[in-house]
Novice: 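Structure provided below as structure tokens; questions to follow.
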Amino acid sequence: MIRGERRDPEPRLLEMEGYRLRLVPTTKFKTSYFQLRFSAPFRPETLNLRALLPYALLDGTATLPTKRLFQNRCDRLYGAQVGAGVAKQGMMSVVTFSLSVVNDHYLPGDARVLDEALDLFHDVVLRPRTYRGLIRAGVVKDEVRLLREDIEADYADKAEYAFQRMSEAMFKDELARYRAKGDYDTLDKVTPEGLTEAYRDMLANDFVEAVAVGDFDSDEIARAFSRRFAFSPRPTVPVWTDTETKDITDVQRVVEEGDVSQARLVLGYRLPTRSGSKDYYAAVVGNALFGDSDTSMLFRTVREKEHLCYYVYSVYAAGKGAVFVSAGVEPGREDQASAVIGRVKDDLAAGRFSEDDLTIAKNAVVKRMRQSTDSLRGIVADHAHFDRLYGIPYDLDRAVAAVQAVTAEAVAAQIALLIEDTEYRLTGRNR
Amino acid sequence: MDTAFARKLNETIVRKTTSAGLRVAVVPKPGFHKTEIHLAVEFGSIDEDGARGLNAFPQGTAHFLEHMLFENEEADPSQAFARVGAQVNAYTAADVTDYYCSTTEAWEPAAELLFSLVFHPSIPEAGVLKERSIIAREIQMYEDDVNDLIYEDFLHALYAAHPVAHPIAGTAKSIQAIDSEVLRRAHAAYYVPSNMRLLVVGDVDPEAVFAFAEGIPLPGGVRPERASVPESRIPAKTAVTKKKDIRNDMLMLGVKFGRPNGKSCFQNDVEEIAWAFLFDCLFGKASKNHRDLVRKGFVNEAFEASAQCEPDYGHLVVYTETKKPASAAKALWALFDHAADHLDPVRFETAKRRLVGNSVQSFNSVSALAGFILDYELEDVDVFELIEAIDRITLDDLKALIPALDSSARVSVVYRRP
């Protein structure tokens, strides 16, 4: 703890009716943040329904039946923010609802907004506006168009587009090839009936988690949740890592042409180490050393020494067991960049890095862990990770110690486990 | 030492100018792990133009210099920061070059490295060659980014004279003219303490920061003056249309303001907020107009509007992606034509509440806070005074903005899908 600050009460995990509630009281922030997460097995058939559902529910509640009225209420509550979205986490499709609200004592006069904001949050999740028992057709039509256009806009982001194309090729026969965000080609097949059915199914069968972080009395928040949210017992057992994989004999190579002046290179590697594994922190440090910062070996070699690119970085997808390397390369020098990336990986796998390199990588990881506790969303993510995979409360000091204990041999061993699966290139036309 | 305290918000900004003329501001954030340190130079792309800055420099000089300070023959600065548990970065904008680092360990070693990075560059010619090729890659990357491109086209349509329309990184051609001599000259002219700011946000003791800043030996030098470039209200071009490899059309509408407008930075910041309220009444998410625009398919989630009000340039920009750019533009211009009809006192007061809540919320994050406080410190604007001023904005202030929407000052840029 820092310089005589009052210590915050300990986080708690409560068993509620049909869900668990993680409570993290802290005085650091001006706002409190709440989440309700609904998890079901990720399936291609329900992909679009669960992608649209969050937006449809934000379009109006039984008490505030239009987006206008809903937004107006949020404004009146001093900019309370109600959000919703979907993501693939492990083998699960997770629909998340969130509420962010300014703590009463920072508001003018004696304004009180928390209770009303929680009511609004409740209504979004449990009291949608319906017409004859169905989510309205007009809402479905509007939201399908907006989501289609959102996916269309991604095409303009060449780095993102290149990553998507690599991902589709690498995970051709796996769930990871789908984007939780939605499937463009089949979006218009969504009907009010299907969407309403998916909503009822979510409430009846999904695994539910709740979390509250902020400057509050934990007992009070527990009571506020138990008054508003209760679910039947449910059978869903979540699987938080995606273990689908395949045998790799040759590197799959995909080359496409596009309207780009900078070539985009994306390499996909398999890594059998996943979240929850005993080697998880060695893999995190290994990725930091490999490509996850401006002090990483990839940045230092591909950009600073060879000047082949402006950006190069690696991402460790721990829930899936994969590492991705992305680079923006000078046209015509893709082969060279690809070879240098391979060489950097081989060097690290053979242990050719210094104690100093390792310290720098660990420092970067530790810094990220510490500053994660400076943000409401970071705290939520850290706790979710531990609650789901280890069943113990997140403890920053213990996690930092685990990182510090990672050895050079363990890091090299993780890099040596990387198997290149797919190499994707987006190159310019007319050259 | 000068302390600004916002009682309701329970936040403090402490300021002091060192004997070398460096203006220092500290925002203490007890309990936070992360400390962020900004050392900002009032030198950006708009200063490269001889009409506004000291001397003419090739376009992209400020940005090139920022890259070069990370070129050190003896040691890689990023690694030196990483050894003390810190991360360093920098960016160049139209009016500032900002070097910043963050750490979750003791801040002093990181601060020492930051000062040394900024004040003691080596600028070897070999390094210039290397960075030129990296910057060329960076420019290529922007050429692939339609969001950057449309804004650049937009600024070029608005401004004939003002260098705000120049690309910050320069062009593939202009950076060829930048060598170590040019960079040294720019560094000597602009990197002087009286032309710079130090901002520290985190769990730190302001006294210790001031003592540190006072104790660092710094070069002397005169603060360079910025000349004002007069801009007529009439845009250079009124319409631009291009075909691009995109899947949805992009529409950017704007209105140019005449400058200089004789207002202070503070008054201009208040005007920006007043514009935000006007947009909220005209087509904010809680308005009937917004619903109509969405339902007709004219706008989508990318729809946004903002105003930029600087003492010697200013404009407003409205952006959306759309399948119907012509009809969307017509509908939006029509709202501007009848702006006075859409001013709603109840909506205005409600929007004020949101802004008050958002301003409280912005004190949650060390980095976000450092970013926006730096912007205001650079203008000598006290952010607490600005937050208080929100409450004093009236419907009449909004009405007073409407004449600026005059049709002769309007610009539209459309990127069409194939």
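So you know, we letter chains A, B, ... as the sequences are listed, proteins then strands, and number each from 1.
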Novice: Can a salt bridge be assigned to the pair E304(A) and K130(B) using a cut-off of 4.0 Å between side-chain N and carboxylate O?
Specialist: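 Salt bridge flag = yes for K130(B) with E304(A).
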Novice: Any salt bridge between D245(B) and K158(A), counting N to O under 4.0 Å?
Specialist: yes
Novice: Quick one: salt bridge (charged side-chain N to carboxylate O under 4.0 Å, His left out) partners of K242(B), sequence neighbours excluded?
Specialist: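 Partners of K242(B) by the salt bridge (charged side-chain N to carboxylate O under 4.0 Å, His left out) criterion, ordered by chain and then number, come out as D153(B).
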Novice: I'd like to know which of D356(A), L308(A), V102(A), V366(A) tops the heavy-atom pair count under 4.5 Å against chain B.
Specialist: D356(A)
Novice: Quick check for you: to the nearest 0.5 Å, what is the distance between Q361(B) atom CD and L376(A) atom CG?
Specialist: 8.5 Å
Novice: Quick one: does NZ or CZ of K28(A) land under 6.0 Å from the six-membered ring centre of F32(B), within 45 degrees of the ring axis?
Specialist: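 Here K28(A) passes the 6.0 Å and 45° test against F32(B).
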Novice: Show your reasoning for whether side-chain hydrogen bond (donor to acceptor under 3.5 Å, both in side chains) applies to S261(A) and E143(B).
Specialist: CA-CA 7 Å; S261(A) 45; E143(B) 284 168 1; 3.3 Å; yes
Novice: Identify whether the distance between the nearest side-chain nitrogen and carboxylate oxygen of K244(B) and D259(A) falls below 4.0 Å.
Specialist: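 Here K244(B) does not pair with D259(A) in a salt bridge, since their nearest N and O are not under 4.0 Å apart.
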Novice: Would you say R148(A) and R247(B) make side-chain contact, with heavy atoms under 4.5 Å?
Specialist: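 Of all side-chain heavy-atom pairs linking R247(B) with R148(A), none is under 4.5 Å.
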Novice: Compute whether any side-chain donor of one residue and acceptor of the other, for Q87(B) and K367(A), lie under 3.5 angstrom apart.
Specialist: yes
Novice: What's the spacing between E149(A) CD and D249(B) CG if we round to 0.5 Å?
Specialist: 9.5 Å
Novice: Are any non-hydrogen side-chain atoms of T373(A) and H33(B) less than 4.5 angstrom apart?
Specialist: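 SC-SC contact between T373(A) and H33(B) confirmed.
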Novice: Looking at chain B, which one of R370(A), K141(A), K362(A) has the largest number of heavy-atom pairs inside 4.5 Å, strictly under?
Specialist: R370(A)
Novice: Looking at D75(A) and K352(B), is there a salt bridge between them, counting it only when a charged N and a carboxylate O are closer than 4.0 Å?
Specialist: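 No, K352(B) and D75(A) are not salt-bridged.
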Novice: Counting heavy-atom pairs closer than 4.5 Å to chain B, which one of Q371(A), R68(A), R303(A) comes out on top?
Specialist: R68(A)
Novice: Do any N or O atoms from the side chain of D144(B) and from the backbone of V260(A) form a donor-acceptor pair under 3.5 angstrom?
Specialist: no
Novice: At a heavy-atom separation under 4.5 Å, does R347(B) approach chain A through its side chain, its backbone, both, or neither?
Specialist: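 For R347(B), the contact with chain A is made by the side chain alone.
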Novice: Does a side-chain N-to-carboxylate-O contact under 4.0 Å join R145(A) and E301(B)?
Specialist: no
Novice: Can any side-chain N or O of K8(B) pair as donor or acceptor with the backbone N or O of L107(A) at less than 3.5 Å?
Specialist: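 Here the side-chain-to-backbone pair exists.
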Novice: Where do T104(B) and R368(A) land on the side-chain contact (heavy atoms from CB on, under 4.5 Å) test, with the steps shown first?
Specialist: CA-CA 9 Å; T104(B) 54; R368(A) 207 170 295 170; over 6 Å; no
Novice: Applying side-chain contact (heavy atoms from CB on, under 4.5 Å) to R76(A) and R353(B), what does each step give before you reach the verdict?
Specialist: CA-CA 6 Å; R76(A) 291 191 58 77; R353(B) 278 200 182 189; 4.1 Å; yes
Novice: Pick one of side chain, backbone, both or neither for T350(B), based on which atoms fall under 4.5 Å of a heavy atom in chain A.
Specialist: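 Interface part for T350(B): both.
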Novice: Look only at the side chain of N364(B) and the backbone of K30(A), and say whether a donor-acceptor pair between them is shorter than 3.5 Å.
Specialist: yes
Novice: Heavy-atom distances under 4.5 Å only: say whether N300(B) touches chain A with side chain, backbone, both or neither.
Specialist: both
Novice: Between CG of D157(A) and CG of N147(B), what distance do you get to the nearest 0.5 Å?
Specialist: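 The CG atom of N147(B) is 8.5 Å from CG of D157(A), to the nearest 0.5 Å.
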Novice: Determine, stepwise, if the pair C309(A) / R137(B) fulfils side-chain contact (heavy atoms from CB on, under 4.5 Å).
Specialist: CA-CA 6 Å; C309(A) 66; R137(B) 298 291 84 71; 5.6 Å; no
Novice: Give, for atom CG of N10(B) and atom OH of Y106(A), the distance between the pair rounded to the nearest 0.5 Å.
Specialist: 5.5 Å
Novice: Could you check if a side-chain atom of N358(B) sits within less than 4.5 angstrom of a side-chain atom of Q81(A), using non-hydrogen atoms only?
Specialist: yes
Novice: What residue in S287(B), A351(B), S367(B), S365(B) has the most heavy-atom pairs under 4.5 Å with chain A?
Specialist: S287(B)
Novice: Starting from the C-alpha separation in whole Å, work towards a yes-or-no answer on side-chain contact (heavy atoms from CB on, under 4.5 Å) for R295(B) and D142(A).
Specialist: CA-CA 7 Å; R295(B) 206 150 278 178; D142(A) 282 347; 3.9 Å; yes
Novice: Name the member of E105(B), K323(B), M250(B) that forms the most heavy-atom pairs with chain A at distances under 4.5 Å.
Specialist: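 Among E105(B), K323(B), M250(B), the one with the most close pairs to chain A is K323(B).
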Novice: Pick whichever of H290(B), M141(B), E349(B) has the most heavy-atom pairs under 4.5 Å with chain A.
Specialist: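 Counting heavy-atom pairs under 4.5 Å, the top option is M141(B).
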Novice: Please round to the nearest 0.5 Å and tell me the distance separating atom OG1 of T359(A) and atom CZ of R83(B).
Specialist: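 Atom-to-atom, T359(A):OG1 and R83(B):CZ are 9.0 Å apart.
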Novice: Among D150(A), N72(A), L147(A), which has the most heavy-atom pairs under 4.5 Å with chain B?
Specialist: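 Heavy-atom pair counts peak at N72(A).
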Novice: I need the D294(A) CG to F81(B) CZ distance, nearest 0.5 Å.
Specialist: 10.5 Å
